[in-house]
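Everything on this sheet refers to the single structure shown next.
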Amino acid sequence: MDLLSSLNPKQAEAVTTTDGPLLVLAGAGSGKTRVITVRIAYLIAKKSVAPHNILAVTFTNKAAGEMRDRVQALLAGQKLSSLPLIATFHSLCVRILRQDIERLDEGYTRAFTIYDTDDSLKVIKACIKDLGFDEKQIVPRMVRAAISAAKNRGEDVEVFASSVDRSNEKYAAYARVFELYEERLGRANALDFDDLLIKTVRLLRRSPEVREKYNERFQYILVDEYQDTNPLQLALTRYLTEKQKNICVVGDDAQSIYGFRQADIRNILEFEKHFPDAKVILLEQNYRSTQTILDAAHSVIKNNLDQKKKKLWTERSGGDRIKYFQARDSDDEGRFVAAKIEDHRRRDASKRIAVLYRTNAQSRVFEEALRRSRIDYNIVGGFSFYERAEVKDIVAYLKLAVNPADNIALLRVINTPARGIGRSTIELLEQSARQSGTSLWEVVKAVTDSAAREPSILQPRARAAVASFRKTVEGLQKKLEPSTTTDRPVSEVVISAIEDSGYADMLRSENSEESLGRLENLEELVNAAAEYDRTPETGLREFIDHAALTSDSDKFDSNAGVTLMTVHSAKGLEFPIVFIVGLEDGVFPHARSVNDARELEEERRLAYVAITRAENLLYVSHSMRRRVYGEEMAAEPSQFLNELPLELIDDLSRGPSWLTYASATTGSARRKSSEGTPDSSEGEPARSRNVYTGKTYNSADAIEEFFRRRESGATNDTSVNGARLGGDDDATPAQGRRGNYAPTTSLKGVEAIEPGSYVQHSKYGRGLVLRREGKGESSKLTISFPGYGMKKLVEKYANLQKA
DNA sequence: AAGTAAATTTTTTTT
DNA sequence: AAATTTACTT
């Protein structure tokens with residue numbers, strides 16, 4: 001079979017340029033995955049490269065899995081001596097570290113445990129407590145974020161501590177927590193997600209032999225979604241390709257959406273600097289979307305200043321117009337989406353549909369609406385299998401058996417199921433561990449040792465309970481000994497963790513619907529473990545690693561009719577029909593992105609990613625009211641809606657909408673001046689001047705208009721769901737929170753400015769308050785000003801009037 | 001020690 | 001609104 005026949009000249013060039021550094025700038029839908037997979041097949045089939053000399057790196061298991069499938073399909077029928085390694089950055093690092101971490105001489109052994117975000121947080125909480133800091137002042141989640149960010153920039157504790165401003169108490173505290181955290185992880189023989197990368201990079205840097213070994217092993221390296229790499233991942237890539245230089249990276253700077261994980265867009269923009277003599281190939285033909293959709297995407301992304309200029313084109317001129325809907329509240333939006341999906345399903349059930357939202361929390365409304373309409377759907381993200389408590393419990397038993405120093409795992413299961421080991425007993429054990437400087441497991445052994453000379457620190461009852469726990473874990477450890485011969489090495493240990501611990505009995509005796517569901521989940525876990533029984537090279541350790549690294553959207557079913565997911569997890573996917581929902585200021589773009597212009601640009605790239613998922617038809621919608629923390633609030637349309645080409649949009653709203661007003665004012669100086677200042681410092685209100693002028697929309701006007709119409713009988717609504725317009729209690733968004741009998745007042749006795757209320761600003765006019773941070777006059781307000789986007793203002797200086 | 005009621009917090013986005 | 005943490009019983 002001719003591998004190249006299905007490629008355009010540019011794609012073919014990207015495939016056949018096998019040697020030396022190569023950057024493929026691949027726009028959305030330009031056949032990026034195609035290029036990578038064909039390239040791998042080409043290396044094997046045409047260049048006679050041994051498959052195991054090829055490494056392809058992705059960010060998600062989902063992407064890795066899909067790539068594996070497609071390469072396999074391309075090479076079907078050929079006998080392969082080995083397989084190419086297609087891995088995520090993290091799983092690649094685990095592989096390397098499981099082999100060579102001992103050469104690092106930091107006390108880590110190959111039996112190391114991986115701590116997930118949850119585990120890390122628990123360690124950090126304990127560190128904060130033991131250092132005598134107050135959790136209110138030194139917020140564990142913030143510390144975790146700061147540590148993770150530092151690690152991904154490639155900083156270790158020392159660098160972090162020395163770069164920190166010592167006069168800043170908070171950061172000085174962070175540095176001390178960081179230090180203790182590292183110490184405790186080391187003692188527990190545990191690595192957090194970021195450590196996987198940082199230790200691997202350190203190992204490669206320090207050990208020329210290890211570097212040599214992997215340069216030798218991986219003759220050809222490919223990196224997918226290169227725009228999402230962070231400094232650590234860049235360093236890793238450079239070390240791995242130091243010698244052979246056969247590095248091919250594929251990505252699109254317009255789709256860089258992981259800045260929050262320290263991804264640095266400069267990695268792709270400056271590839272040629274990092275890898276001299278690099279060749280660059282641009283893929284600009286889009287095979288996915290209609291011209292209308294590309295126009296919409298381009299119209300949004302062009303508001304970003306910081307990007308490589310390229311423009312996608314397609315042979316699919318024209319196409320259906322974009323559909324727009326303004327919902328009354330989020331239930332209304334849910335009903336609209338469900339009704340439209342029902343329509344489409346009836347007409348052509350083969351067309352796959354995606355509902356994309358900014359945050360996972362938004363999924364619920366759509367799930368409920370779809371369920372009510374009896375439409376099957378598939379949801380990606382949210383709670384994954386391995387995040388369920390019962391699964392984590394059993395995995396903790398397994399982790400403990402493999403690595404007894406894992407204190408977090410021990411604390412998780414020492415009293416699960418309940419054995420009568422309570423808070424005070426655990427406190428005693430921890431105290432003893434601190435004193436002797438050993439792990440909790442060592443203490444457990446010591447206090448239950450019948451030959452001990454000193455009297456045990458525990459009462460007989462507690463001591464018996466701890467002894468029983470010890471017996472359970474030791475029973476598991478026995479099963480791990482090499483001498484134990486069985487044909488189901490992994491799943492039998494898992495079964496015994498479930499049964500011998502008493503966990504199964506606990507669930508069985510509870511005998512509720514929920515506990516039975518949990519039992520089923522554990523059966524699932526055994527099934528998953530059974531996969532690892534088949535080959536001798538995959539054992540319990542690999543299974544545990546899998547559980548740690550498989551958290552996300554792994555279970556995406558590419559054949560599902562309707563899929564709900566975040567825009568982030570939709571990256572790399574395509575659907576004939578796409579709904580982008582919740583297009584409101586504060587939601588999308590997210591309220592937290594007001595902090596600086598760079599973050600807002602990332603939100604815009606996110607919008608770009610969302611739009612370019614669509615092949616044929618794109619729906620955009622927003623709601624006028626939304627629940628935030630259980631409280632109903634007014635919402636303003638997203639500034640990104642304003643950046644769409646309005647002339648390409650059909651309005652499906654009942655009655656007048658934002659679009660009605662926006663279109664009416666189009667033609668005047670519509671969003672001309674966009675001199676954003678991307679690098680300006682933080683905290684300044686006047687900073688993000690990404691202003692679109694001319695068109696302002698005031699929701700109060702719209703509501704008034706609604707009522708005028710309703711009174712004259714013009715909105716006899718018989719549309720989609722027959723929802724009643726302008727219900728009694730949500731008539732005016734400006735009215736603010738419901739059920740607030742005694743409005744909060746400031747010291748002066750004036751009504752306080754609360755989220756959900758409207759204010760008047762001298763320059764930006766009327767705006768909706770989205771968030772309030774801090775107390776009193778110096779608190780910061782995040783406000784959505786229609787026509788100007790979101791601003792973060794300090795109440796004291798902004799001179800705001802209630803409106 | 002364990003269970004319940006009350007108070008408090010939570011929302012980016014993911015390996 | 002839901003989930004998590006704390007305070008208070010038994």
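Just the heavy atoms: all of them, side chains too, but no hydrogens, waters or symmetry mates, feed the values below.
With hydrogens and angles left out, the side-chain atoms of Thr416(A) and Asp393(A) include no donor and acceptor closer than 3.5 Å. Between the side chains of Arg772(A) and Ser779(A), at least one donor N or O sits under 3.5 Å from an acceptor N or O. Of the N and O atoms on the side chains of Gln362(A) and Thr359(A), at least one donor lies less than 3.5 Å from an acceptor on the other residue.
Taking atom CG on Leu356(A) and atom P on dT13(B), their separation rounds to 14 Å, with Å as the unit. When rounded to the nearest whole Å, the span between CZ of Phe588(A) and P of dT13(B) equals 13 Å. Distance, Leu549(A) CG to dT14(B) C1': 12 Å, rounded to whole Å. Summarising the geometry, the separation between CZ on Phe59(A) and C1' on dT13(B) is reported as 14 Å, rounded to the nearest angstrom. Between the CD atom of Glu368(A) and the C1' atom of dA1(C) there is a distance of 11 Å, rounded to whole Å. Rounded to whole angstrom, the span from the CD atom of Glu599(A) across to the P atom of dT13(B) amounts to 14 Å. Straight-line distance from the CD atom of Glu367(A) to the P atom of dA1(C): 18 Å, rounded to whole Å. Remark: C1' of dT14(B) and NZ of Lys571(A) are 10 Å apart, rounded to the nearest angstrom.
In this structure, Phe193(A) and His90(A) have perpendicular ring planes: the angle between them is above 60°, well past the 30° mark. Ring orientation note: the planes of Tyr532(A) and His546(A) are tilted relative to one another, at an angle of 30° to 60°.
Across all strands, Tyr258(A) comes closer than 4.0 Å only to sugar-phosphate atoms, never to a base (heavy-atom distances). No contact: Asp194(A) has no heavy atom under 4.0 Å from any strand. Using a 4.0 Å heavy-atom distance criterion, Phe260(A) is classed as a base contact.
The side chain of Thr566(A) places an N or O atom within less than 4.0 Å of a non-bridging phosphate oxygen (OP1 or OP2) of dT14(B). OP1 or OP2 of dT14(B) lies within a sub-4.0 Å distance of a side-chain N or O belonging to Asn360(A).
Remark: Ser515(A) engages Leu507(A), Glu510(A), Ser512(A) in a side-chain contact (heavy atoms from CB on, under 4.5 Å) (not counting sequence neighbours). Contacts of Glu225(A) classified as side chain to side chain donor-acceptor pair (under 3.5 Å), with partners at least two apart in sequence or in another chain: Lys32(A), Gln227(A). In this view, Phe178(A) and Phe160(A) satisfy the ring pair (Phe, Tyr, Trp, His ring centres under 6.0 Å) rule, not counting sequence neighbours.
Between His90(A) and Arg461(A), it is Arg461(A) whose nearest contact on DNA chain B lies nearer the 5' terminus.
The CD1 atom of Ile147(A) sits 7.5 Å away from the SG atom of Cys127(A) when rounded to the nearest 0.5 Å.
Listed nucleotides dT13(B), dA1(C), dA2(B) differ in distance to Asn415(A); the shortest reach to its side chain belongs to dA2(B).
The P atoms of dT6(C) and dT11(B) are separated by 15 Å, rounded to the nearest whole Å.
The distance between the ring centers of His590(A) and Phe260(A) does not fall below 6.0 angstrom.
Heavy-atom distances under 4.0 Å link DNA chain B to Ala418(A), Gly420(A), Ile421(A), Gly422(A), Arg423(A), Ser424(A), Thr425(A) of residues 416-428 of chain A, given in residue order.
At distances below 3.5 Å, at least one donor-acceptor pair connects side-chain atoms of Thr612(A) with backbone N or O atoms of Tyr608(A).
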Between protein and nucleotides 5-11 of chain B, what N or O pairs are separated by less than 3.5 Å?
unit_1  : atom_1 : unit_2    : atom_2 : d
dT11(B) : OP2    : Arg141(A) : NH1    : 3.3
dT11(B) : O3'    : Arg592(A) : NH1    : 2.7

Could you list the protein-to-nucleotides 3-5 of chain C atom pairs, N/O on both sides, closer than 3.5 Å?
unit_1 : atom_1 : unit_2    : atom_2 : d
dT5(C) : OP1    : Lys125(A) : NZ     : 3.4

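Atom CZ of Arg266(A) is surrounded by 12 or fewer heavy atoms from other residues, nucleotides or ligands within 6.0 Å.
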